[in-house]
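I have placed the structure first, in the form of structure tokens, so that the comments after it can refer back to it.
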Amino acid sequence: MKKRSKRIFMVLLLAVLILAAAAAVCLYVYRQRYLPVSFASEAFAETDTAISNPYRGFYYMHGYYLNEENASLEDTLAKHIEDNEGLTLALVEINLQGYANTALSENALGQIDTILSAWADSGTQIILRFLYDWDGNGFAAEPSSLEQVLAHMEQAAEVVNRYADSIHILQGAFVGSYGEMNNSAYLGDEDMTTLITTLAGLTDPSIYLAVRTPAQWRTVTNLTSLPEAFPAFDGSLLSRLGLYNDGILGSETDLGTYGDASREGSELPSDKGTRAEELAFQDDLCRYVPNGGEVVYDYTLGDLDAAIDTLSEMHISYLNIGYDTSVLDAWKEITYEGDDVFDGCSGYDYIGAHLGYRYILNGSGLEFDTWFDEEAIFSFTIRNVGFASSTRAFDAVVTLRREDSSVSDSPTPDGNTASPSAAASGGETEEISYSYTADLNLRSLSSGESTDGTISIPVRDLPEGTYAAYLTLTDAVTGEEIALASSPEETEYGYPLGTLTIGEYDSASNTEA
């Protein structure tokens with residue numbers, strides 16, 4: 001009996017030990033794997049802020065006539081750059097007529113360098129146009145041979161390429177009245193194609209090119225319509241060739257930019273289509289390449305909604321602020337009526353705010369399984385409410401920052417940043433910040449479209465606590481920060497996205513509960 005009782009006792013003891021061990025293992029696994037993680041998004045809203053961002057907006061036109069003396073060039077440049085203050089773009093016209101039938105001298109090339117250098121140093125993005133005529137006499141002003149134009153292209157390109165980071169668009173083909181690709185001996189299909197393809201081959205592939213009409217675009221590319229898979233942003237001629245229109249709203253045909261008859265069924269790329277056809281063509285093409293120019297006498301007779309619809313369908317990124325003032329002034333007198341934050345503002349302010357891209361934050365969130373996931377997937381949504389895409393690459397960085405700390409980031413081996421340091425109050429509180437590069441592509445995000453940016457956060461490796469999340473967008477070329485038209489407004493750390501809590505923490509004190 002005693003032996004039996006002892007055996008039962010031993011079995012029970014073993015069972016207790018096994019259960020205790022199992023409980024210990026479960027507790028260990030629980031402590032090792034279970035990690036409560038939560039995220040509270042900010043409540044985002046669009047603002048009516050007039051933002052200043054690169055590659056979009058109003059511009060002034062500044063002209064320079066090359067000659068062997070040009071003693072006042074530097075003073076002229078200083079005045080022009082001062083006049084352009086507050087704008088991110090400038091149309092720089094360089095007139096070569098003084099060298100129409102001779103090579104550009106070293107003096108002339110030095111002047112081109114001086115012009116581009118000054119504008120680049122000002123931080124302005126350049127829309128560049130070489131031309132031979134300012135008086136509407138393209139035939140009389142330009143060189144007597146195509147070979148001379150091509151030689152000028154080759155000479156100028158060497159200087160242009162030095163400033164590729166500051167030259168957004170190279171407009172035209174050097175020829176035509178006002179450099180607008182009309183009234184020239186060299187705008188037949190073959191010569192025009194030679195001019196543009198030569199210019200593309202000579203210039204840095206990061207610089208966009210532009211022709212005056214959709215029909216010219218089709219002629220140069222020898223396409224009657226866009227390819228089904230457009231080779232966006234690959235540096236090819238097709239991916240670089242945009243449009244510029246200095247007759248926007250001037251008439252039903254934008255002063256001859258479009259035709260009077262349908263091109264339906266046409267097999268000739270050079271045939272112009274009707275206004276509706278060519279606007280639809282631009283709607284497809286100009287989500288990948290820039291489009292802009294000048295508005296002239298408004299044939300819509302003050303119909304602001306029609307003007308906005310046209311600029312949006314064309315995906316206009318830039319407009320001349322100095323011409324046509326009769327149209328611009330009329331827009332200032334018309335009140336915009338809409339169901340958005342701009343309701344009640346002037347038409348001019350609405351159009352100016354929507355030239356090019358205009359980004360707003362639409363939401364943010366986080367996915368994480370407290371038991372199984374190693375990393376949390378954090379996402380945020382950006383919507384483009386502007387007329388056009390950026391066509392440029394922007395870098396997106398999300399920063400997590402302990403709410404009770406202030407830090408200065410330093411790089412870590414994995415390319416992200418982390419900067420823990422002891423607090424000045426005795427070292428009891430650790431100051432921590434982590435930054436992550438987001439997977440985000442905004443280049444072809446067109447008007448009305450949204451896209452998500454995502455990052456993976458190794459939450460199991462981070463100190464537990466409550467972090468504020470911030471977003472910063474930066475132009476990959478210039479390093480300039482990209483402003484958003486969103487509230488909450490930007491702080492010194494970026495645009496607030498929300499609050500991330502890792503572990504069971506009291507967010508008020510950032511201490512373990």
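This is a predicted model, so every value here is computed, not measured.
With sequence neighbours left out, the ring-ring contact (aromatic ring centres under 6.0 Å, His included) criterion links Tyr470 to Tyr493. Residues passing the side chain to side chain donor-acceptor pair (under 3.5 Å) test with Asn95, sequence neighbours excluded: none. When the side-chain contact (heavy atoms from CB on, under 4.5 Å) test is applied to Glu154, the partners found at least two apart in sequence or on another chain are Leu202.
Annotation: the span from Phe368 atom CZ to Asp373 atom CG amounts to 6.0 Å, rounded to 0.5 Å.
Under 3.5 Å, the side chains of Asp75 and Ser72 contain no donor-acceptor pair of N or O atoms. Side-chain N/O atoms of Arg443 and Ser389 include no donor and acceptor closer than 3.5 Å. Between the side chains of Tyr64 and His80, at least one donor N or O sits under 3.5 Å from an acceptor N or O. Thr454 and Ser379 share no donor-acceptor pair across their side chains, judged by distance under 3.5 Å alone.
The aromatic rings of Tyr436 and Tyr434 lie parallel to each other, their planes meeting at an angle below 30°, with 60° marking the opposite boundary.
Ion pairing between a basic and an acidic side chain is recognised when a charged N comes within 4.0 Å of a carboxylate O; Arg358 and Glu46 show such pairing. Looking at Arg392 and Asp475, no side-chain N of the basic residue comes within less than 4.0 Å of a carboxylate O on the acidic one, giving no salt bridge.
More than 12 heavy atoms of other residues, nucleotides or ligands lie within 6.0 Å of CD in Glu449, so this atom counts as buried by the packing criterion.
In this structure, Glu464 and Arg402 approach most closely via the heavy-atom pair O-NH1, 3.8 Å.
Results of the side chain to side chain contact (heavy atoms under 4.5 Å, CB included) test with Leu91 over Leu128, Ile169, Ile127, Asn320 single out Ile127 as the only residue that passes. Just one residue in the list Phe342, Phe58, Tyr336 forms a ring-ring contact (aromatic ring centres under 6.0 Å, His included) with His354, and that residue is Phe342. The only member of Phe394, Phe387, Tyr318 that meets ring-ring contact (aromatic ring centres under 6.0 Å, His included) when paired with Tyr357 is Phe394.
The side-chain tip of Arg218 points at the ring of Phe281 from less than 6.0 angstrom away and within 45° of straight on.
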Trace of the side chain to side chain donor-acceptor pair (under 3.5 Å) decision for Thr88 with Ser52: CA-CA 7 Å; Thr88 64; Ser52 178; 5.2 Å; no
